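Report on the structure given below.
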Amino acid sequence: MINLFQPAVGDEELAAVEGVFRDNWLGHGPRTKAFEAAFAEHLGVAPDRVVFLASGTAGLFLIAESLGLAAGDEVVMPSMSFLAAANAVLAAGGRPVFCDVDPRTMNPGREDVEAALTPRTRAVLLLHYGGQPGQVAEIAALCRERGLTLIEDSACSIASTAGGRAAGTFGDLAMWSLDAAKILTTGDGGLLYVRDAEQAARLRRLAYHGLAQATGFGYAKVSHRWWELEVPEIGRRVIGNDLTAAIGAVQLRRLPEFMARRREVVALYDRELADVPGLRLPPPLPEGHVSSHYFYWVQMDAAIRDGVAADLLAAGVYTTFRYAPLHRVPTYGSDRVLPATDRAAGETLCLPLHHGLTDDDVRTVAGRLRAALAERGRAAGAA
């Protein structure tokens, strides 16, 4: 099977883990701090604004809780988002309100977000689909004009930029996922960016039980009785640790290598699939934008999309569609009518994309896709 996603880990990551074992400290400690600082440098922000967490979802939940939502307060987000975003808003007492997207880029434009705003809107939670920044600068300007918090779900955009600025740094808060399917992985993990220094310190506390000062191995003692507790507000334990941070630090150093290969894969898909009848490729990036190339998506007649996916699976090529529209999920209680999202959800298929793909893999996927499209097209025409 040619997989949709696949991590790239090896001897360097093993050596980093061995170093953690040698030091006999696997928990939250100096390697975690070093990883946070390295990622902050990658973003171009102060190191105290970055927090390494147990998962990206934990970051979204912390962010949503920090908004202080009351019943009826709304957070606008694209329907084509991962369900953790909507879950976090609901769990914090708010209501997710879904906006439409461009049917080709799957990113919302400023006008899509603006159409979903109401007097109850407290924040906008923006996803960068497939690693493309989209209209993040324009949406950030809209949020500033309206006095709204902008949250960037940057799970897909570890290396994305717009106008030389890192995706995730346009808004007030952002999250990156480092799970096993992501470009940069720690197995499970997430990174949080908080623009405001005081709020960053607060979310760091909330990520570790709400303790005013962490105690234990590797930490300064809070007093001569270092076991005594100071808990200004209740938190939970969702911090990262030195074992996974050691892996993350190696992965971050290798990120340019990963991105170079992903660009090669995307370019080869573009060449192999150019001019295939009935197939639309991802639209070109706007000038000044850099994508992380997390997804490579193609679009076709909705009448044959599911059949093409089934044929590819039978031929050893795993594809999928991400993300299933949240406005269709009864749990979220949405009555929004989003025609562009519905259209894209019926026509789009994500092809395998990871930096472990060989050129032969890409040509195999492209060839089997061409064959499946031709066969399904003939069958639809004969029906």
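Values below: every heavy atom of this structure, side chains too, minus hydrogens, waters and symmetry copies. Positions are given from 1 along the sequence. Keep in mind it's a predicted model, so treat the numbers as computed, not measured.
With sequence neighbours left out, the side chain to side chain contact (heavy atoms under 4.5 Å, CB included) criterion links Glu375 to Arg378. Considering only residues two or more places apart in sequence or on other chains, Arg253 meets the salt bridge (charged side-chain N to carboxylate O under 4.0 Å, His left out) condition with none of them. Applying the salt bridge (charged side-chain N to carboxylate O under 4.0 Å, His left out) criterion to Arg104, with sequence neighbours excluded, gives no partner residue. Remark: Arg262 pairs with Ile183, Met259, His293, Tyr294, Leu353, His354, His355 by the side chain to side chain contact (heavy atoms under 4.5 Å, CB included) rule, at least two apart or across chains. Not counting sequence neighbours, the partners of Thr341 by the side chain to side chain contact (heavy atoms under 4.5 Å, CB included) test are Ser79, Met80, Asp100, Val101, Pro325, His327, Leu338. For Thr331, the side chain to side chain donor-acceptor pair (under 3.5 Å) test picks out no residue, with sequence neighbours left out. Taking Thr348 as the reference, Gln299 meet the side chain to side chain donor-acceptor pair (under 3.5 Å) condition, with sequence neighbours excluded. In this structure, the salt bridge (charged side-chain N to carboxylate O under 4.0 Å, His left out) partners of Asp359, at least two apart in sequence or on a different chain, are Arg261. Scanning for side chain to side chain contact (heavy atoms under 4.5 Å, CB included) contacts around Asp188 gives Asp179, with sequence neighbours left out. Arg363 pairs by the salt bridge (charged side-chain N to carboxylate O under 4.0 Å, His left out) definition with Glu272, Asp360, not counting sequence neighbours.
Checking Ser292 against Ser160 by side-chain atom types alone, a donor-acceptor pair falls below 3.5 Å. There is a side-chain donor-acceptor pair under 3.5 Å between Glu74 and Thr118. His289 and Gln132 are not linked by any side-chain donor-acceptor pair at a separation below 3.5 angstrom, with hydrogens and angles left out of the test. With no hydrogens or angles considered, no side-chain donor-acceptor pair links Asp172 and Thr149 at under 3.5 Å. Side-chain atoms of Asp361 and Thr358 form a donor-acceptor pair, as typed in the model, at a separation below 3.5 Å.
Side-chain contact between Val136 and Glu152 is present, with heavy atoms from C-beta onward closer than 4.5 Å. Side-chain atoms of His209 and Arg236, non-hydrogen and from C-beta on, never get closer than 4.5 Å to each other.
Cation-pi geometry between Arg305 and Phe321 is met: under 6.0 angstrom from the ring centre, within 45 degrees of the axis.
Each of Trp297, Phe295, Tyr296 was evaluated against Tyr269; a single residue qualifies, Tyr296, per the ring-ring contact (aromatic ring centres under 6.0 Å, His included) test. Here the rule is side chain to side chain contact (heavy atoms under 4.5 Å, CB included) with Pro352, and of Asn3, Val362, Val317 only Val317 fits it. With respect to Val238, the side chain to side chain contact (heavy atoms under 4.5 Å, CB included) criterion is satisfied by exactly one of Leu192, Leu206, Leu62: Leu62.
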Query raised in the report: Given the rule in the side chain to side chain contact (heavy atoms under 4.5 Å, CB included) test, do Leu313 and Thr319 qualify, once you have shown the distances and angles that lead to the verdict?
Result: CA-CA 7 Å; Leu313 186 62; Thr319 64; over 6 Å; no
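Comment: Arg31 engages Asp23 in a salt bridge, judged by a side-chain N to carboxylate O separation of less than 4.0 angstrom. With respect to Arg95 and Asp73, no salt bridge is recorded, no charged nitrogen being found less than 4.0 Å from a carboxylate O. A salt bridge links Arg343 to Glu347: one of the charged nitrogens lies within less than 4.0 Å of a carboxylate oxygen.
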Pairs under 3.5 angstrom only: tabulate donor-acceptor contacts from the side chains of residues 38-47 to other protein residues two or more places apart or in another chain.
unit_1 : atom_1 : unit_2 : atom_2 : d
His42  : NE2    : Ile158 : O      : 2.8

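Counting only residues at least two apart or in different chains, salt bridge (Lys or Arg N to Asp or Glu O under 4.0 Å) contacts with residues 318-328 comprise Arg328-Asp342.
The main-chain N or O of Leu173 is never found under 3.5 Å from a side-chain atom of Arg195 such that the two would form a donor-acceptor pair.
If you take CG on Leu127 and OG on Ser157, they are separated by 7.5 Å, rounding to the nearest 0.5 Å.
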